[in-house]
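Before any comments, here is the structure.
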There are 2 protein chains.
Amino acid sequence: MRTTGDTRQRIVSAATELFRRQGYSATGMKQIVATAGAPYGSAYHFFPGGKAQLGEEVVRTSGAAYLELIGELFVPGRDLVDATGEAFLGAAGTLRELDFADPCPIATVALEVASTHEGLRLATAEVFDSWTAALAAYYAASGLPEGVARETAVSVIALLEGAFMLGRAARDTGPVEAAAKAARWIVRGAVLSGSAEGGAGRSA
Amino acid sequence: MRTTGDTRQRIVSAATELFRRQGYSATGMKQIVATAGAPYGSAYHFFPGGKAQLGEEVVRTSGAAYLELIGELFVPGRDLVDATGEAFLGAAGTLRELDFADPCPIATVALEVASTHEGLRLATAEVFDSWTAALAAYYAASGLPEGVARETAVSVIALLEGAFMLGRAARDTGPVEAAAKAARWIVRGAVLSGSAEGGAGRSA
DNA sequence: GTCTATATCTTGATAGAC
DNA sequence: GTCTATCAAGATATAGAC
């Protein structure tokens, strides 16, 4: 029976929000604990590995949360093309609601650390992989051949990340909305190629 | 007739490379001048506005360089789908040659500053806009209706940026190669929708 | 235009009282 | 487990000799 566990989570939550708005490097431990309303020492009490350890936990925690979201949005049985397009339109709404902070909690960090912090880089890679695997499983369950499903999932996630980037820079949801149509074309193309090459191209 | 102009450019070049590998926040002025082999004072002599001014120059300069590249890759007359797909395959090669440093010189900076440095954010937005406008002009010249051409260009650029992100995180060119196929589907879809809605869908 | 020295601030991290 | 004080190193930026 644990008596604590509250401040630790507040630190993780604060770090998640700050990383998403300012990135990893521009966010200091002091700012994190100040935002969390926690004493400075608590940061190193809960994360003896320092900022890198905290960063990894943020990446993996928010990565897991988004993995659940994917499971909710892409329910087997729903049409592939429609489900994909609607996910993008929902993302456009989220982008606006966040006032153009990053809807993806790990994107900025991923680019920042890719060539500099190997541990963090691996964490972001594993999170991206979990997302694409989940989406690929849905596409495969909907009839796409395994390889096509995987490539399609990777492309759709990439398109969403890039659309967030352009949308944030322009402070405009237009890019994400344009990407919604493009995502539909990608999936539709995959369905066509799947039925031609491999097999059960029918989806709904 | 100017007698100098060399150290200034070395500073810009060094900053461009460092931003692309480490991002904006993690790169210090001292590291920049050290890499450039320039005295510290020169940085503020040439960029009285400090790091932000240097950052803007880096973004605009490398943005202009990539704008030229787009012009070279997308020559009117070439088939839209093939030109787009081959550009992605070339980008995959570049990603590997750079040892998975960011092939896009402004992507990391764009995400870092989007919600924090308004001047820099605007610079990245204008660069992205110049790229999508150039690509859209090519698509339009190839027969796509204006609006479709614009949306397609935005989506293709976004897909490329996102594919770079996933590829860097995984240290694998697979995502960019998958995106090459997806980009072809996007453009093919745009051609179809263009010929249905608006008009001259024929490209080659 | 070059270069050095310095001022001021903030960073990540640690030590130790409570 | 909480909280404060402090450290050394880094940051951005400036001043001023040459």
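Small disclaimer: the values here were computed from a predicted structure and weren't measured.
In this structure, NE2 of His45(B) is placed 16 Å from P of dT4(C), rounded to the nearest angstrom. What separates CD1 of Ile32(A) from C1' of dT11(C) is a distance of 12 Å, to the nearest Å. Between the NE2 atom of His117(B) and the C1' atom of dT12(D) there is a distance of 11 Å, given to the nearest Å. Summarising the geometry, the separation between CZ on Phe47(A) and C1' on dG1(D) is reported as 14 Å, rounded to the nearest angstrom. Protein atom CD of Gln22(A) is 18 Å distant from nucleotide atom P of dA11(D), rounded to whole Å. Nucleotide dC3(C) holds its C1' atom 12 Å from the CZ atom of Phe46(B), rounded to whole Å. Summarising the geometry, the separation between CD on Gln31(A) and C1' on dA13(C) is reported as 18 Å, rounded to the nearest angstrom.
At a threshold of 4.0 angstrom between heavy atoms, the contacts of Thr27(A) are confined to the sugar-phosphate backbone, with no base atom among them. Note on Gly41(B): a base of the nucleic acid sits closer than 4.0 angstrom, heavy atoms only.
Looking at Thr94(B) and Leu98(B), their side chains come closer than 4.5 Å, going by heavy atoms from C-beta outward. The shortest distance between side-chain heavy atoms of Ile70(B) and Tyr138(B) does not fall below 4.5 Å. A heavy-atom distance below 4.5 Å is not found between the side chains of Arg21(B) and Asp102(B).
At the phosphate of dT2(C), OP1 or OP2 sits under 4.0 Å from a side-chain N or O atom of Thr7(B). Tyr44(B) has no side-chain polar atom (N or O) that falls below the 4.0 Å cut-off from OP1 or OP2 of dT14(D).
Counting atom types as modelled, Tyr40(A) pairs a side-chain N or O with a base atom of dA13(C) as donor and acceptor under 3.5 Å.
Of the candidates dT2(D), dG12(C), dC3(C), the closest approach to any side-chain atom of Lys30(A) belongs to dG12(C).
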Between Glu17(B) and Arg20(B), does the salt bridge (Lys or Arg N to Asp or Glu O under 4.0 Å) criterion hold? Intermediate values first, please.
CA-CA 5 Å; Glu17(B) 275 215 21; Arg20(B) 142 185 315 199; over 6 Å; no
